[in-house]
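These notes concern the structure reproduced below.
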Amino acid sequence: MKRIFTTFCFCLCLVSIMAQNLTTLVFADKDGKEIADGSVITANTTEEDALGELLVPSGLFIKNLSSESVGVRVKCNVTTLDNGIFQICFPVTCISKSVKGAFDTGSDLISSGELRNLLTEWMPETYGTCSVTYQIELMKQVNLFPPTFESLEMGPKVTVNFVYADPSGIDEVSTTDVTVIERYGANGMRLSAPHKGLNILKLSDGRVVKQYYR
């Protein structure tokens, strides 16, 4: 009976440790608010990088809830990629993909309480969507120089649906019935032809729409 009780207690402790490990690292937003495991997020806010390239950031961070540094890498699975490039720069090296598929990032240590930006976004060429599933993988550092890691267990998973949509609700404005009367740049200057960046179009049917050209 004593052996059975001891075995039972050991199993309970093991389950407790595993549960603790699985919640050591979580996905979070820029304010550190935890994003629940299995969440599906829509990212549709566009930005421009230093070179003026259009991108749709995920807004994803990883937060270490434990009292010690923890090893991590991220598994990514690009399931939809209408156009453009998906990119993640984590922990240091940037990985860019122009086709669908699964891959892993490099590994690194995240300090206790640290909120680490995944620096991941979709860089569209035109309107469309990109869907990516991210999963945290807990890692154990086994060597300092060179730094090497081995996998411990899988953690939370989150899916991000990147969306870049025409705010006018149409993809093309040059049809047999509708023509472009005037075209302006983001600075308000009139353009004689499509220009890289934001174009504001005045149409023959009275509408004003925006288009972005790369």
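Just so it is clear, the model here is predicted, and its values are computed rather than measured.
Grouping the Ile, Leu, Val, Met, Phe, Trp and Tyr side chains by contacts below 4.5 angstrom, directly or via other members, places Ile62 with Ile88. Hydrophobic clustering (ILVMFWY, side-chain heavy atoms < 4.5 Å, transitive): Leu119 and Ile95 are in distinct clusters. Residue Leu25 is not grouped with residue Leu115 when hydrophobic side chains (ILVMFWY) are merged at heavy-atom distances under 4.5 angstrom, including chains of intermediate members. Two different hydrophobic clusters hold Phe149 and Val70 under the rule that ILVMFWY side chains link at heavy-atom gaps under 4.5 Å. Phe86 is connected to Val56 through a chain of hydrophobic side-chain contacts under 4.5 Å among Ile, Leu, Val, Met, Phe, Trp and Tyr, so both are in one cluster.
Proximity of a side-chain donor or acceptor of Gln135 to a complementary backbone N or O of Gly155 within less than 3.5 Å is detected. Between the side chain of Thr24 and the backbone N or O of Ser66, no donor-acceptor pair lies under 3.5 Å. Although no hydrogens or angles enter the test, the distance criterion places a donor-acceptor pair under 3.5 Å between the side chain of Asn83 and the main chain of Thr126. Here the side chain of Asp108 pairs no donor or acceptor atom with the backbone of Pro91 at under 3.5 angstrom. Between the side chain of Asn77 and the backbone N or O of Thr133 there is no donor-acceptor pair closer than 3.5 Å. Using a distance-only test at 3.5 Å, with no hydrogens or angles considered, a donor-acceptor pair links the side chain of Asp37 to the main chain of Lys157. Using modelled atom types, no side-chain atom of Asp31 and backbone atom of Lys33 make a donor-acceptor pair closer than 3.5 Å.
Listed by first and then second residue, the disulfide (SG to SG under 2.5 Å) pairs involving residues 35-90 are Cys89-Cys94 (not counting sequence neighbours).
Put simply, the side chain of Ser111 does not reach to within 4.5 Å of the side chain of Asn64, judged on heavy atoms. The closest side-chain heavy-atom distance from Ile35 to Leu60 is below 4.5 Å. For the pair Phe103 and Lys97, the minimum side-chain heavy-atom distance is below 4.5 Å. Side-chain atoms of Lys63 and Leu65, non-hydrogen and from C-beta on, do get closer than 4.5 Å to each other. No side-chain heavy atom of Leu118 sits under 4.5 Å from any side-chain heavy atom of Thr105. With contacts defined as side-chain heavy-atom distances shorter than 4.5 Å, the pair Phe162/Thr80 does not qualify. Ser58 places none of its side-chain heavy atoms less than 4.5 Å from the side chain of Glu121.
With sequence neighbours excluded, the residues satisfying side-chain hydrogen bond (donor to acceptor under 3.5 Å, both in side chains) with Lys75 are Asp104. Under the side-chain hydrogen bond (donor to acceptor under 3.5 Å, both in side chains) criterion, Glu114 pairs with Arg116, not counting sequence neighbours.
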Next item on the list: Verify side chain to side chain donor-acceptor pair (under 3.5 Å) between Tyr134 and Thr120, making sure each step is shown before the conclusion.
Entry: CA-CA 10 Å; Tyr134 304 79; Thr120 176; 2.9 Å; yes

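Heavy-atom minimum distance, Leu81 versus Cys130: CD1-SG, 3.6 Å. Scanning both residues, Ser107 and Met139, for their nearest heavy atoms gives OG-CE, 3.6 Å. Considering all non-hydrogen atoms of both residues, Ala165 and Tyr127 come closest at C-CD2, 3.5 Å. Nearest heavy-atom pair across Trp122 and Ile85 is CD1-O, 3.4 Å. In plain terms, the two heavy atoms of Pro147 and Gln141 that are nearest each other are CB-NE2, 3.8 Å.
Annotation: the span from Leu54 atom CG to Glu47 atom CD amounts to 9.5 Å, rounded to 0.5 Å. Here the straight-line distance linking atom OG1 of Thr148 with atom CG of Asn143 works out to 4.0 Å at 0.5 Å rounding. From Leu109, atom CG reaches atom NZ of Lys140 across 12.5 Å, with rounding to the nearest 0.5 Å.
For Asn161 and Ser131, the side-chain atoms include at least one donor-acceptor pair closer than 3.5 Å.
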